[in-house]
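One-based numbering, in listed order, for ligands and for the atoms of each. Position 1 is the first residue of the sequence, and the numbers go up from there.
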Amino acid sequence: MESQQLNIVFLPYPTPGHMIPMIDTARLFAKHGANVTIITTHANVSSFQKAIDSDFSAGHSIKTQLIQFPSAQVGLPDGVENIKDGTSLEMLGKITRGIWMLQDQIEILFQDLEPDCIVTDMMYPWTVQCAAKLGIPRLHFYSSSYFSNCACHFIRKCKPHEGLVSDTNKFTIPGLPHSIQMTTLQLPDWMRNKSFATGYFEEMFESEERSYGTICNSFHELESDYEKLCKTIMGIKCWSIGPVSAWANKDDDEKKANRGHMEINNIGNEQEWLNWLNSKPNDSVLYVSFGSLTRLPHLHLVEIAHGLENSGHNFIWVVRKKDRDEGGNGFLQEFEKRMKESDKGYIIWNWAPQLLILDHPATGGIVTHCGWNSILESLNAGLPMIAWPVFAEQFYNEKLVTEILKIGVPVGVKENKLWASFGEEAIVRSEEIVKAVEILMGSGQDSKEMRMRAKMLGDAAKRTIEEGGHSYNNLIQLIDELKSLKKSKALAVKEDYSFDGWYVIHL
Ligand code: UDP
């Protein structure tokens, strides 16, 4: 007799902002009875294998299935298999090419593993066809906000930015329940200028429409208007099951510390940052992080350093190792020394145990690049934010945080750009940073209200993943639906009639 247990294969995209929430999601499915396999490469698995082993030891049916990254074929050194490892545009291109080349291996695995369902990252649009061939549902994994998905959808469809006299002129995003304005310069490059990437992103968004449904790392209480818009006007079947990081990493501090990065134990003195935070009053420290991919030009680093120092508030700043070495004649090392002497600031080089820092009572706010995971994680800790978007959909997230949820202050970034050098006019000046820090960390009414709203959303985030909460119920309902599909498919096969009706409808 065929097993009733759901067999689900997860395919994460190798960049921390996509991989971390998908691994957390896979672990949640296993925790709720599914038999889970995660397909990944050797270098990537080392950042999360420990969590999988510990879940497996706890009795959950979860394993990893490794495939070979074509390092030699694309001309990369061994172990460079993740977008975050790219230190130049050329290297990024090679990593991306390597990821594309995995397609054949993945397709074979999909066949061999005989899943009842595949959950694949938004960056793998071709998996829609794989699912169709196998006659199983594909769930699209969207790793950002509903708001960003809706904003992007309506800008793609209505093109309100086309025909404006200047790319610094404002336009209103059509189709949204709130009146939100932005400029063409704040849109991702693939929207501003037609390129190969434009076709790829279009394909990606279309693949969502052709999938069985979308799993969203968000929650009803946070973005109900946009969850609804996605379901109704955009016609996407969605399940909000977030925040998955809070849900999957509830109990285990060690897991939190090691999450997302294999070198966490080699990057300096963990006890030191903890002692430093322990020595600070509650809510007094600003955590400053630009996520896993952003590399800031030297000029920007100098402005941030001066801005933080001049604000007079305590801070922890995560700086990429690459940034340390780039120009500036040891500026950052000098700065670090000065901050140690004044005891005002602490630099973490390269990778921080973000969840642990955000949860620490001394942390009172975050400067964030508006990566969705960082927003959810700080929100879960009840923290208000300084929004400093850098690239991709982060500018939409800035709007959500500052204008809709009203839990953040914009620092005033004008241009959407990853890595490339900024013109002088696009640099955020230290005075603007001081101003934003003063609003966020000060004792004014604005700060109090933002802090209160952030705390309320943090409470809602905690409730939604508990038994009976929206996200909890959505996950259970999704699992039940997939089980019924499996059952009806088994029945159909038994009764020997063709079972392709449901996926024809959805593809
Ligand atoms: N992260 C971390 N330590 C760091 C930098 C990032 O743990 O020093 C984690 C962070 O907690 C989040 C993810 O990496 O879960 C980054 O995702 P996000 O969507 O915030 O931004 P991205 O890196 O994709 O730009």
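- Listed by number with element, the atoms of ligand 1 under 4.0 Å from a non-hydrogen atom of W372 are 19 (O).
- Close contacts between ligand 1 and V318 involve ligand atoms 8 (O) [criterion: under 4.0 Å to a heavy atom].
- Residue pairs meeting the salt bridge (Lys or Arg N to Asp or Glu O under 4.0 Å) criterion with at least one member in residues 389-401, sequence neighbours excluded, are K399-E403.
- Not close to ligand 1: K84, with no non-hydrogen atom less than 4.0 angstrom away.
- For ligand 1, none of its N or O atoms has an N or O atom of F290 under 3.5 Å away.
- Ring-centre distance between H178 and Y226: below the 6.0 Å cut-off.
- Among E393, H369, E377, the residue whose heavy atom lies closest to atom 12 (C) of ligand 1 is E377.
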Take F10 and I23 through the side chain to side chain contact (heavy atoms under 4.5 Å, CB included) test and state the conclusion after the steps.
CA-CA 8 Å; F10 285 79; I23 302 306; over 6 Å; no
With side-chain hydrogen bond (donor to acceptor under 3.5 Å, both in side chains) as the criterion, how do Q354 and Y287 come out once you've worked through the C-alpha distance, each side chain's angles and the decisive distance to 0.1 Å?
CA-CA 9 Å; Q354 185 158 307; Y287 171 69; 3.0 Å; yes
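- For ligand 1, the atoms sitting less than 4.0 Å from at least one non-hydrogen atom of A352 are 2 (C), 3 (N), 4 (C), 7 (O), 8 (O), numbered in the order shown with element in parentheses.
- Closest heavy-atom contact between S71 and D78: CB-OD1, 3.9 Å.
- Ring pair F290/W388: centre-to-centre distance below 6.0 Å.
- When each atom of ligand 1 is checked for a heavy atom of I20 under 4.0 Å away, the hits are 9 (C), 13 (C), 14 (O), 15 (O).
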